[in-house]
Amino acid sequence: MSDYTQFVQNLPARAAAPEPAPARPGNFSALIGRIEEAVEEETVAIRTDLGFDIKSSNARKSRYLYELTRAMKGVGESNFLAEHRDGIKRLREKLATNEAAIRAHLNAVSEVANLMQNAIQRSEADGTYSAGEFGWAR
């Protein structure tokens, strides 16, 4: 192997990996507020806007979840969470409402899909090969 020490001497010193900045209470409160706003907007849009872009809304929520995860790193959880208990409780309630709206939307989509599937099957079936035509079905 070659000796690279002659080249390493001229390189700048390696910097240590930066430590994550400690989360500040104001930043955490603002982050919770942004998440609450995004969840509320999505809930209303799911209920009212037929052209709502759920994909971009999910991307936005994922980005906020990432920010929340980063904000929580290196935080003394017990004291910090006690300070923000009300905001976290509000967020949890809004997420439960959002989940209910999403479930209702998915159930409606599933019901419409089932109706369409049944209509297609009825239109394609002319009764020629059904068990009822041969007197076997009761």
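Scope of the values below: all heavy atoms of this structure, side chains included, with no hydrogens, waters or symmetry mates.
Atom CG of residue Asn58 and atom CZ of residue Arg63 lie 11.5 Å apart, to the nearest 0.5 angstrom. Separating the NZ atom in Lys89 from the CD atom in Glu93 is a distance of 6.0 Å, to the nearest 0.5 Å. Summarising the geometry, atom CG belonging to Leu95 is positioned 10.5 Å from atom CD belonging to Glu40; distances are rounded to the nearest 0.5 Å. Atoms CD and OG1, on Glu99 and Thr97 in that order, are 10.0 Å from each other to the nearest 0.5 Å. Distance check, rounded to the nearest 0.5 Å: CZ of Phe28 to CD1 of Ile88 gives 4.5 Å.
Side-chain contact between Arg34 and Leu31 is present, with heavy atoms from C-beta onward closer than 4.5 Å. The side-chain heavy atoms of Tyr64 and Lys61, taken from C-beta on, include no pair separated by under 4.5 Å.
The nearest pair of heavy atoms linking Arg90 to Glu36 is NE-OE2, 3.0 Å. Residues Ile32 and Gly87 come closest through the heavy atom pair CG2-O, 3.7 Å.
Evaluation of the side-chain contact (heavy atoms from CB on, under 4.5 Å) rule for Asp53 yields Lys55, Ser56 as partners, not counting sequence neighbours.
Through direct or indirect side-chain contacts shorter than 4.5 Å among Ile, Leu, Val, Met, Phe, Trp and Tyr, Ile102 is connected to Ile46, Phe52, Ile54, Leu106. Counting side-chain heavy-atom gaps under 4.5 Å among Ile, Leu, Val, Met, Phe, Trp and Tyr, the cluster of Val112 also holds Met116.
Ionic pairing of Arg60 and Glu42 is not present here: no N-O contact between side-chain nitrogen and carboxylate oxygen is shorter than 4.0 angstrom.
Judged purely by atom type and a 3.5 angstrom limit, Asn98 has no side-chain atom pairing as donor or acceptor with the backbone of Lys94.
Residue Leu65 is not grouped with residue Val39 when hydrophobic side chains (ILVMFWY) are merged at heavy-atom distances under 4.5 angstrom, including chains of intermediate members.
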